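Just so it is clear, the model here is predicted, and its values are computed rather than measured. For the numbers below, each heavy atom of this structure counts, side chains included, while hydrogens, waters and symmetry mates do not.
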Amino acid sequence: MIMEQSSTPEIVRHVAAGQLCCDPEWEAAYKRFETPEQEIAKFIARLKRFGFDSLDRQSRIVEIFCGRGNGLVALQRMGFGNLEGVDLSDSLLEEYRGPARLHLADCLDLPLDENAYDVVIVQGGLHHLPDMPGDLERSLVGVRRILRPGGRFYVIEPWKTPFLVFAHAVTELSVMRKLYAKGDALAVMTERERVTYEQWLGIPGPIRETFDRYFHVESWKTTWGKLAAIASPIKK
Ligand SMILES: C[S@@+](CC[C@H](N)C(=O)[O-])C[C@H]1O[C@@H](n2cnc3c(N)ncnc32)[C@H](O)[C@@H]1O
């Protein structure tokens, strides 16, 4: 049986609390977009598609930009126990319940040990970085540094495919926003993060070039409005 903790999480604070990477309205929309159980089910399906079923359960895993940590709950339910998460929002980290060690930190300057992790995961974080592609490069250099040789970086981010363009056109219709709560939450999140989101969607070429500079890209799939990539670090 899986024991899930109800006590408050252990958070190592590397930066001061109360930093605003995403505003309170964005956080509120993010929380109502999906329930925790819907998120966990989505993450488990995603991790299975990435092949996590066959990964060593002792793997040391860190999820960067982990938000309220439901990706870590998904990993825990799949049997992984050596888990950490990093996010800049203390209010989101405090919602996590589970055994993972959390770091309140900026993913541009990961305060984690070098060559220490088997797996790094990001699910919808890189597109929040304000200064592109420079911030992407800074964060990829950090991920490469903390991954051990042969480790893997698993990436899920939005990607401008015809489906994404269609989904935004539909959710931004005022009638749909009234009828469909999830669509409204998505529209609010998109509005609040529009600058970084559109910047990210607008530079697919430089994004791929930046990955190729620091990683061997093993898989790069762009379907249904998402990039799903697996990469291993190029160690100097
Ligand atoms: C779209 S949420 C994704 C959260 C989680 N991965 C998920 O899928 O539910 C993006 C997260 O990135 C965090 N974030 C944004 N900029 C950050 C930075 N520079 N360093 C650390 N976290 C950051 C936000 O606080 C937010 O929790």
Side-chain angles (χ1 to χ4, degrees), residues 12 14-15 19 21-22 43 46-47 49-52 55 59-67 69 71-72 75 83-89 93 100-161 164 193 195-223 225-236:
V12 185
H14 302 270
V15 296
Q19 308 235 1
C21 46
C22 305
F43 291 142
R46 210 177 249 177
L47 293 166
R49 281 198 295 277
F50 268 139
F52 274 59
L55 284 193
S59 300
R60 187 171 182 191
I61 302 179
V62 60
E63 179 165 348
I64 57 173
F65 302 86
C66 68
L72 297 166
L75 287 159
L83 301 172
E84 293 170 57
V86 184
D87 202 278
L88 201 47
S89 166
L93 289 180
R101 165 181 283 228
L102 301 182
H103 300 269
L104 178 67
D106 191 338
C107 290
L108 290 175
D109 294 299
L110 287 172
L112 304 176
D113 291 342
E114 190 168 350
N115 294 328
Y117 294 85
D118 301 297
V119 169
V120 177
I121 304 173
V122 63
Q123 307 199 58
L126 297 171
H127 73 275
H128 285 270
L129 295 173
D131 180 14
M132 291 293 287
D135 281 350
L136 173 65
E137 176 157 31
R138 209 168 131 190
S139 105
L140 293 189
V141 167
V143 173
R144 179 181 67 164
R145 185 184 67 77
I146 66 170
L147 273 171
R148 66 165 177 76
R152 293 280 184 291
F153 185 27
Y154 295 86
V155 181
I156 294 279
E157 289 292 337
W159 206 256
K160 194 168 188 173
T161 67
L164 189 75
E193 66 185 37
V195 172
T196 62
Y197 185 71
E198 288 191 348
Q199 180 176 240
W200 170 268
L201 293 179
I203 54 161
I207 290 171
R208 177 62 200 252
E209 283 158 25
T210 310
F211 269 87
D212 285 334
R213 212 169 303 137
Y214 300 102
F215 289 85
H216 297 292
V217 173
E218 295 170 9
S219 172
W220 187 271
K221 293 182 186 152
T222 55
T223 48
K226 294 264 185 269
L227 164 68
I230 308 175
S232 59
I234 299 172
K235 292 286 182 179
K236 286 171 274 180

Visitor: What pair of heavy atoms forms the shortest contact from Gly225 to Leu164, and how long is it?
Guide: CA-CB, 3.8 Å
Visitor: Do Ile121 and Cys66 make a side-chain contact, defined as non-hydrogen atoms from C-beta onward lying under 4.5 Å apart?
Guide: no
Visitor: Are the side chain of Lys160 and the backbone of Glu198 linked by a donor-acceptor contact shorter than 3.5 Å?
Guide: no
Visitor: Looking at Arg145, I'd like to know if its CZ atom is crowded, meaning that more than 12 non-hydrogen atoms belonging to other residues, nucleotides or ligands lie closer than 6.0 Å.
Guide: yes
Visitor: Testing Tyr214, Phe215, Tyr117 one by one against Phe153 for a ring pair (Phe, Tyr, Trp, His ring centres under 6.0 Å), which residue passes?
Guide: Phe215
Visitor: Distance-only, no hydrogens or angles: does the Glu157 side chain make a donor-acceptor pair with backbone N or O of His127 under 3.5 Å?
Guide: yes
Visitor: Rounded to the nearest 0.5 Å, what separates atom CG in Leu108 from atom CG in Asp131?
Guide: 9.0 Å
Visitor: Looking at CE of Met132 and CD of Glu137, how far apart are the two atoms once the value is rounded to the nearest 0.5 Å?
Guide: 10.5 Å
Visitor: Look at atom NZ of Lys221 and say whether more than 12 heavy atoms of other residues, nucleotides or ligands are closer to it than 6.0 Å.
Guide: no
Visitor: Can you list everything that forms a side chain to side chain donor-acceptor pair (under 3.5 Å) with Arg49? Sequence neighbours excluded, please.
Guide: none
Visitor: Tell me whether Trp200 contacts the main-chain N or O of Pro158 through its side chain, where contact means a donor paired with an acceptor under 3.5 Å.
Guide: yes
Visitor: As a quick check of understanding, evaluate side chain to side chain contact (heavy atoms under 4.5 Å, CB included) for Val86 and His14, giving each step before the final call.
Guide: CA-CA 10 Å; Val86 184; His14 302 270; over 6 Å; no
Visitor: With heavy-atom distances below 4.5 Å as the criterion, would you say the side chains of Val15 and Leu104 are in contact?
Guide: yes
Visitor: For a quick test of reading the model, state the closest non-hydrogen atom pair linking Pro233 to His216 and the distance between them.
Guide: O-CD2, 4.2 Å
Visitor: Is any side-chain heavy atom of Trp159 less than 4.5 Å from a side-chain heavy atom of Ile207?
Guide: yes
Visitor: For Val155 and Phe50, which heavy atoms make the closest approach, and how far apart are they?
Guide: O-CZ, 3.6 Å
Visitor: How long is the span from the CD1 atom in Ile234 to the CZ atom in Arg213, to the nearest 0.5 Å?
Guide: 10.5 Å
Visitor: I need the Gln199 CD to Leu201 CG distance, nearest 0.5 Å.
Guide: 10.5 Å
Visitor: Keeping Lys226 on the side-chain end and Thr161 on the backbone end, is there a donor-acceptor pair under 3.5 Å?
Guide: no
Visitor: Within the structure provided, determine whether Leu88 and Cys107 are in side-chain contact (heavy-atom separation under 4.5 Å).
Guide: no
Visitor: So, do Glu218 and Arg152 sit near enough that their side-chain heavy atoms are less than 4.5 Å apart?
Guide: yes
Visitor: Starting at CG of Asp212, measure out to CH2 of Trp220 and round the result to the nearest 0.5 Å.
Guide: 7.5 Å
Visitor: Rounded to the nearest 0.5 Å, what separates atom CD in Glu84 from atom CD1 in Ile61?
Guide: 10.5 Å
Visitor: Has the side chain of Glu63 got a donor or acceptor atom that lies under 3.5 Å from a matching backbone atom of Gly69?
Guide: no
Visitor: Below 4.5 Å, heavy atoms only, C-beta onward: do Asp87 and Leu102 meet side chain to side chain?
Guide: no
Visitor: Taking all non-hydrogen atoms of both residues into account, name the closest pair between Pro133 and Thr210 and its distance.
Guide: CB-OG1, 4.2 Å
Visitor: Hey, does Leu72 have a side-chain heavy atom less than 4.5 Å from the side chain of Phe43?
Guide: no
Visitor: Under a 4.5 Å cut-off applied to non-hydrogen side-chain atoms, are Arg138 and Asp109 in contact?
Guide: yes
Visitor: Taking all heavy atoms of Ile156 and all of Ala228, pick out the closest pair and write down the distance.
Guide: CD1-CB, 3.8 Å
Visitor: Who pairs with Gln123 by side chain to side chain donor-acceptor pair (under 3.5 Å), at least two apart in sequence or on another chain?
Guide: Arg46
